[in-house]
*Asks:* 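Dumping the structure here so I can ask a few things about it.
Note that the structure is predicted; figures quoted are calculated from it, not measured.
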Amino acid sequence: MDFDAAIIGSGAGGYYSALRLLKHGKKVLIIEKEKFGGECLNYGCIPSKALIELSENIGYLHDMPGVTLNYKIDMKEWQKWKESMVKRITGGAEKLCISLGAKVIYGVGSVKDRNTVTVNGTDYTAKNIIINTGSVPVKIKGIDDVYYNREMLAVENIPSKLVIIGGGYIGVEMGTAFRKLGSEVYIVEMKDRILPEIEEDLAREVEKRLRKLGVNIMTGMKVLSVKKDKNYKVAIEGSDTIEADTVLMSVGRIPNTEGSGIEKLGIEMDGRFIKTDSHKRTNVPNIYAIGDVSGGPMLAHKAFYDGYVAAENILGNDTVVDYRAMPFVVYTDPEIAFTGKAGTKSNKVPVLANPRSLTMNQQDGFFKLYYDDDGTITGAGVAAPRSSESITEISLAVESGLSIDDLFLTIHPHPTVSEGLKDAAERRD
């Protein structure tokens, strides 16, 4: 065999599993069809958070009493900075893998048989194969020439009027950011509320803030057509046609299995996803599937975790997935984050009671802690500044079986946003 493992796709899970295997002396082949680091590093979570950070800083000063702003945004210069930042991250990841002995080949990789992958017309053999081909945006037939996340994050001019089709987390994150950067924003969602996949009271805090910002939220409405001439014309069922200079399509993502060759091996599917067991194995024992292509929430940190589990099993360490404390974050205003599950009881503390949040001129949101009758923490839902940085405390509590007393008696620095979780852990009975 040429390699111990051949990994198709260098996204989050792919390069993480590669590093794990390489550090244990395994021979690894990484196949990447576009850019090392995949969707998250190049076109998704990293560049989007850079844009959100820009908008948050401008929005913070805009809302701060006593501050008058006079500024100009040169998006072309910002895009150059963003690309250089992304290249530092992706370049560092690739160089690390190569320095540890990985062979990296650029091209479209496909599975030929259970021990062979083909790329650029050449076959390579491997004891194990990891499929990490990610996901792609959902496209609607008849709606063409619109922007998707890649194009939206590469704009060189801030849109004057932006219509977002889809009120899921990507659409709402982009809508919030571009509104703070000066765009007139419309979010059109077929379901009866935005963020329909998120707990309703968390989503409600975001919607309330978006309306304060002046975002036009149109729920329970269907886009009939999008026509492009000089500008876009978006026809909406039961409403007036909206004319805009930019339209972002954001109605979800689907696993990317096209061209992977998995059908040749009879690999079982779970709908559109590759079916895996708790070890991230497919029904072909030496072939694994991780990340977006294997089901579950499409999150980079979930892919990292999947990559770890697959690598550990290749190394001979019996390891199974445990998603019970998988954090989910939406980088809106306020940031919302949740982990674990609802318990039989819950405590809720408003952001208004958190001094650190008030120093940031933030007062919308809450800290909600779930626990069982015996006090064992089961999860949390947080709508608060930088909730992405504090939710891990609850994931650790769930993983460790900690109680609300353990959390309450843990000394938190003051003033911090995380004190809201401590306050929510105070017994009310």
Side-chain angles (χ1 to χ4, degrees), residues 1-50 80-112 115-135 150 256 260 279-281 286-294 299-317 319 321:
M1 295 288 176
D2 292 332
F3 297 93
D4 293 299
I7 303 170
I8 303 176
S10 70
Y15 78 76
Y16 190 84
S17 58
L19 288 173
R20 191 77 183 165
L21 293 167
L22 290 164
K23 288 175 181 178
H24 286 79
K26 299 299 182 181
K27 292 180 64 180
V28 176
L29 169 66
I30 303 172
I31 302 166
E32 173 53 51
K33 70 174 183 177
E34 292 184 80
K35 294 181 179 181
F36 199 93
E39 189 76 14
C40 173
L41 294 191
N42 290 284
Y43 310 109
C45 43
I46 297 301
S48 70
K49 302 316 167 285
K80 289 178 184 176
W81 167 81
K82 182 205 77 178
E83 287 300 317
S84 68
M85 178 269 297
V86 168
K87 285 178 181 177
R88 283 200 302 274
I89 298 172
T90 58
E94 182 175 15
K95 286 176 182 176
L96 180 56
C97 287
I98 292 172
S99 72
L100 292 171
K103 182 178 180 65
V104 179
I105 299 176
Y106 285 88
V108 176
S110 64
V111 180
K112 185 174 182 179
N115 290 114
T116 310
V117 294
T118 302
V119 57
N120 300 332
T122 301
D123 291 343
Y124 299 89
T125 59
K127 294 176 184 176
N128 301 278
I129 297 171
I130 299 176
I131 300 170
N132 179 54
T133 47
S135 61
R150 291 190 179 193
N256 179 28
S260 64
H279 296 82
K280 299 309 298 182
R281 290 191 187 100
N286 68 311
I287 298 181
Y288 298 77
I290 62 175
D292 290 2
V293 80
S294 67
L299 304 168
H301 48 277
K302 187 258 187 186
F304 283 131
Y305 179 65
D306 285 356
Y308 166 80
V309 171
E312 285 299 295
N313 283 291
I314 290 172
L315 290 169
N317 303 320
T319 306
V321 294

*Asks:* Do side-chain atoms of Asp123 reach the backbone of Thr118 as a donor and acceptor pair under 3.5 angstrom?
*Replies:*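 The answer is no, because no donor-acceptor pair under 3.5 Å joins these two groups.
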*Asks:* Taking the side chain from Asp292 and the backbone from Thr133, do they hold a donor-acceptor pair closer than 3.5 Å?
*Replies:*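 Side chain of Asp292 to backbone of Thr133, a donor-acceptor pair under 3.5 Å: no, none is there.
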*Asks:* Is a side-chain N or O of Asp4 found less than 3.5 angstrom from the main chain of Asn128, in a donor-acceptor match?
*Replies:*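 Not confirmed, Asp4 side chain does not pair with Asn128 backbone.
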*Asks:* State whether the side chain of Thr116 and the backbone N or O of Lys112 hold a donor-acceptor pair below 3.5 Å, judged by distance alone.
*Replies:*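 Checking the backbone N and O of Lys112 against the side chain of Thr116, no donor-acceptor pair under 3.5 Å is found.
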*Asks:* Do you see a donor-acceptor pair shorter than 3.5 Å between the side chains of Asn256 and Ser135?
*Replies:*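 No, because no side-chain N or O of Asn256 sits under 3.5 Å from a partner of the opposite role on Ser135.
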*Asks:* Supply the atom-to-atom distance Ile290 CD1 to Asn132 CG, rounded to the nearest 0.5 angstrom.
*Replies:*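 With rounding to 0.5 Å, CD1 (Ile290) is 4.0 Å from CG (Asn132).
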*Asks:* Could you give the distance from NZ (Lys35) to OG (Ser10), rounded to the nearest 0.5 Å?
*Replies:*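 If we round to the nearest 0.5 Å, Lys35:NZ and Ser10:OG are 11.5 Å apart.
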*Asks:* If we ignore hydrogens and angles and just use 3.5 Å, is the side chain of Ser48 paired with the main-chain N or O of Ile46 as donor and acceptor?
*Replies:*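 Flag not set: sc Ser48 to bb Ile46 has no pair under 3.5 Å.
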*Asks:* Minimum heavy-atom separation for Asp2 and Tyr124, please, with both atom names.
*Replies:*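 In terms of heavy atoms, the two residues are closest at OD2-CA, 3.8 Å.
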*Asks:* Taking side-chain contact (heavy atoms from CB on, under 4.5 Å) as the criterion, tell me which of Asn317, Leu315, Ile314 meets it with His24.
*Replies:*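 With His24 as partner, Asn317, Leu315, Ile314 yield a single side-chain contact (heavy atoms from CB on, under 4.5 Å), made by Leu315.
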*Asks:* Mind listing the closest non-hydrogen atom pair of Ala12 and Ala300 along with its distance?
*Replies:*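 Heavy-atom minimum between the residues: CB-O, 3.8 Å.
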*Asks:* Show the nearest heavy-atom pair for residues His279 and Thr319, with the distance to one decimal.
*Replies:*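 Shortest heavy-atom separation between His279 and Thr319 comes out as CD2-O, 3.2 Å.
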*Asks:* Flag the pair Lys87 and Glu94 as a salt bridge only when some basic side-chain nitrogen lies within less than 4.0 angstrom of an acidic carboxylate oxygen.
*Replies:*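 Between Glu94 and Lys87 there is no salt bridge, as every charged N stays at least 4.0 Å from the carboxylate O atoms.
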*Asks:* Examine distances only and state if a side-chain atom of Asn42 and a backbone atom of Gly38 form a donor-acceptor pair shorter than 3.5 Å.
*Replies:*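 Side chain of Asn42 to backbone of Gly38: a pair is present.
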*Asks:* Drop me the distance from Leu21's CG to Tyr16's OH, to the nearest 0.5 angstrom.
*Replies:*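 The OH atom of Tyr16 is 11.0 Å from CG of Leu21, to the nearest 0.5 Å.
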*Asks:* Output the distance between atom SG (Cys97) and atom CD1 (Ile30), rounded to the nearest 0.5 Å.
*Replies:*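 If we round to the nearest 0.5 Å, Cys97:SG and Ile30:CD1 are 4.0 Å apart.
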*Asks:* What heavy-atom pair brings Val86 and Leu41 nearest, and what distance separates the two atoms?
*Replies:*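 Nearest heavy atoms, Val86 then Leu41: CG1-O, 3.3 Å.
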*Asks:* Identify the heavy atoms of Ser17 and Ile7 that sit nearest to each other, and give their distance.
*Replies:*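 It is OG-CD1, 3.6 Å.
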*Asks:* For Trp81 and Ala50, work out which heavy atoms get closest and say how close.
*Replies:*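 Result for this residue pair: CZ3-CB, 4.0 Å.
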*Asks:* Would you check if Leu96 and Leu19 make a side-chain contact, meaning some heavy-atom pair closer than 4.5 Å?
*Replies:*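 Side-chain contact under 4.5 Å: yes.
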*Asks:* Please say whether more than 12 non-hydrogen atoms of neighbouring residues, nucleotides or ligands are located less than 6.0 Å from NZ in Lys49.
*Replies:*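 Buried by this count: over 12 neighbours within 6.0 Å.
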*Asks:* Is Arg281 positioned over the aromatic face of Tyr288, cation under 6.0 angstrom from the ring centre and no more than 45 degrees off axis?
*Replies:*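 Arg281 over Tyr288 ring: no.
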*Asks:* Starting at NE2 of His301, measure out to CG of Asp306 and round the result to the nearest 0.5 Å.
*Replies:*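 Answer rounded to 0.5 Å: 11.0 Å.
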*Asks:* Rounded to the nearest 0.5 Å, how far apart are OG1 of Thr90 and CD of Glu83?
*Replies:*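 Thr90 OG1 to Glu83 CD: 9.0 Å, rounded to 0.5 Å.
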*Asks:* Side chains of Lys26 and Phe3: closer than 4.5 Å at any heavy-atom pair?
*Replies:*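 No; the side chains remain at least 4.5 Å from each other.
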*Asks:* Please check this pair: side chain of Lys27 against backbone of Ala5, looking for a donor-acceptor N/O pair closer than 3.5 Å.
*Replies:*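 No; judged by distance alone, with no hydrogens or angles, the pair does not exist.
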*Asks:* Are side-chain heavy atoms of Val117 and Leu29 found at a separation under 4.5 Å?
*Replies:*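 Yes, side chains in contact.
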*Asks:* Is there a donor-acceptor contact under 3.5 Å linking the side chains of Ser294 and Lys280?
*Replies:*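 There is such a pair between these side chains.
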